[in-house]
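Shown next, in structure tokens, is the structure this report addresses.
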2 protein chains.
Amino acid sequence: MSEPRARVIPEATVARLAVYLRVLTGLAEGGRSSVSSGELASAAGVNPAGLRKDLSYLGPCGVRGVGYAVPALRERLARALGVEEARSCVLVGMGNLGSALAGYAGFGSRGFSFVGLLDADPARVGEVVGGTAVRPVDDLEDVVAEHGVTIAVVTTPAVVAQQVCDRLVAAGVRSIVNFAPVALVVPAGVDVRQVDLSVELQVLAFLDQQKGVHLVADRETEQVALP
Amino acid sequence: MSEPRARVIPEATVARLAVYLRVLTGLAEGGRSSVSSGELASAAGVNPAGLRKDLSYLGPCGVRGVGYAVPALRERLARALGVEEARSCVLVGMGNLGSALAGYAGFGSRGFSFVGLLDADPARVGEVVGGTAVRPVDDLEDVVAEHGVTIAVVTTPAVVAQQVCDRLVAAGVRSIVNFAPVALVVPAGVDVRQVDLSVELQVLAFLDQQKGVHLVADRETEQVALP
DNA sequence: CACTGTGAAATTCTTCACAGCG
DNA sequence: CGCTGTGAAGAATTTCACAGTG
């Protein structure tokens, strides 16, 4: 019961660590050996002080007066995020979005490996996407068991997302990213991250509209004549 | 200079309003006429009190003791989000992801209309996705001008995202959703929303890893023998 | 001396409890 | 009586300023 140090990493920080990891991978491929918080922050689109605070949750990992060693920091981040060794995932629903995700080479280099691509449409089965053949969705339980998969990505139509989710959970999956526009119901102990691709567009539409607002009455429900 | 009421809507709320709008659209199609905060909240995956608070930024819009009128609330949300009338957008980069977004019927029903689908690959030009023909990326400035587009979606490879962005901004676009894994640099007055599809997966990997942690030493850098 | 690491302040966001109305 | 609307408490997150170190 004695926790030596409650160095809990805030979730907002975890999300940014993933971005830093991507940037660092790019720098490493470019042969860079060190980088300052300012440069890394601007490449990641965040402010430098925030970046340093984020990294501080991993304990000291830079060199004062110099910056951060690119390969060392990269490894540290990968370990912290749990992707030091490739993690096996399944992806259910090989529509446009599923294919896009499966074909995205970035995942491989970031510690994820799709060991199963599943689809209910027999016409799609056998198709090879990103080096892996699509299998029938009936193989779900087998694939999960074979590879000890704990992470799944759901890109099915909304109407079947919940039943796919139920099967995944029953098969032993404990972490799910859901792109279908429905809120999934899962038992305690299972994590679901809901991603809605259109939300960002709507936020943008809102901000865009705000820009055009310079002189507008308080009322939205009624327009009244001006004096 | 006299603001009548600083009823500013927090950004986190705006993002959720977009989700409520989607749920309400589903309810409306199902013929529902009213809904309570509890039901709406569970369908949206949030807590009821938070939902009520979110809606309160739009001013009172429910009936006490009953709930919310579905069509009225839907209209109110659409207006608040700036999608009461369909907004014209361009999408640049018709790879897998671009095609997925362009083909997603949800956008049409949620107030967005892609008036231009652009790609640099001549092989893709002419292809019809979601009812719109793909045009060469050279038409970018023309399409933006023709339709007075202010919102753009970038789904190009990372290496060309910045130059595409520059052209969009020069053509008059003020709001951009960027799916390419680079931080775009834009002048003041232009909004960029960065979306990284792999971040959610990485956050999940982190949480998944945490679950397995029950007895672990403080040190990450060294493994020591146990007594 | 430049740049990291970090407490402390400021801000934003979430949750709670209950007043208020149909 | 049931469910909305909301101030106020609480938690999380961001920002700041500066001490500390190679």
Side-chain angles (χ1 to χ4, degrees), chain A residues 5-20 24 27 32-70 72-74 76-77 80 194 199 203 206-207 220-221, chain B residues 5-20 24 27 32-70 72-74 76-77 80 194 199 203 206-207 220-221:
Chain A
R5 183 80 93 87
R7 182 106 70 166
V8 69
I9 306 181
E11 196 166 298
T13 291
V14 173
R16 284 187 299 264
L17 292 181
V19 176
Y20 307 154
L24 284 167
L27 289 173
R32 282 291 291 279
S33 63
S34 84
V35 65
S36 71
S37 67
E39 194 184 351
L40 192 50
S42 104
V46 302
N47 116 354
L51 178 138
R52 291 200 300 275
K53 187 152 205 66
D54 284 340
L55 293 182
S56 77
Y57 289 105
L58 311 181
C61 47
V63 183
R64 297 182 192 235
V66 180
Y68 302 90
V70 172
L73 184 55
R74 198 163 95 84
R76 187 82 89 95
L77 285 180
Q194 177 69 36
V199 163
V203 172
F206 173 81
L207 297 173
E220 290 186 297
T221 45
Chain B
R5 183 79 94 87
R7 180 109 67 167
V8 70
I9 306 182
E11 196 165 298
T13 291
V14 173
R16 284 186 300 262
L17 292 182
V19 176
Y20 307 153
L24 284 167
L27 290 174
R32 281 292 290 280
S33 63
S34 84
V35 66
S36 71
S37 66
E39 195 184 351
L40 193 50
S42 103
V46 302
N47 114 355
L51 178 139
R52 292 200 300 275
K53 186 151 206 68
D54 285 340
L55 294 182
S56 77
Y57 289 107
L58 311 180
C61 46
V63 183
R64 296 179 193 237
V66 180
Y68 301 91
V70 172
L73 184 54
R74 198 164 93 84
R76 186 83 90 92
L77 284 180
Q194 178 69 37
V199 164
V203 172
F206 173 81
L207 296 174
E220 291 187 296
T221 44

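Just so it is clear, the values below take in all heavy atoms, side chains as well, and ignore hydrogens, waters and symmetry mates. Naming convention: chains lettered A, B, ... in sequence-line order (proteins, then strands); numbering from 1 in each chain.
- If you measure from atom OH of B:Y20 to atom P of D:dT4, you get 13 Å, rounded to the nearest angstrom.
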Annotated protein contacts, base or backbone, on nucleotides 2-8 of chain C with a non-hydrogen cut-off under 4.0 Å, one of B, S, - each: BBBBBBB
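- Interatomic distance, OH of A:Y20 versus CG of A:L40, reported as 7.5 Å (0.5 Å rounding).
- Nearest heavy atom pair, residue B:V199 against residue A:A18, reads CG2-CB, 4.2 Å.
- Taking atom CZ on B:R76 and atom C1' on D:dT4, their separation rounds to 13 Å, with Å as the unit.
- Separating the CG atom of B:N47 from the P atom of C:dA17 is a distance of 12 Å, rounded to the nearest angstrom.
- Neither OP1 nor OP2 of D:dT13 sits under 4.0 Å from any side-chain N or O of A:R16.
- When all heavy atoms of A:E11 and B:V203 are compared, the pair lying nearest together is CG-CG1, 4.3 Å.
- Applying the salt bridge (charged side-chain N to carboxylate O under 4.0 Å, His left out) definition to pairs two or more places apart or across chains, those involving residues 41-61 of chain B are B:R16-B:D54.
- Contact record, B:R76 with B:C61: NH2-CB, 3.4 Å, taken as the closest heavy-atom pair.
- Here the P atom of nucleotide D:dT13 and the CD atom of A:E11 are 7 Å apart, to the nearest Å.
- The interatomic distance linking B:L40 (CG) with D:dC3 (C1') rounds to 13 Å, in whole Å.
- Note that OG of A:S42 and CG of A:L51 are 10.5 Å apart. Values are rounded to the nearest 0.5 Å.
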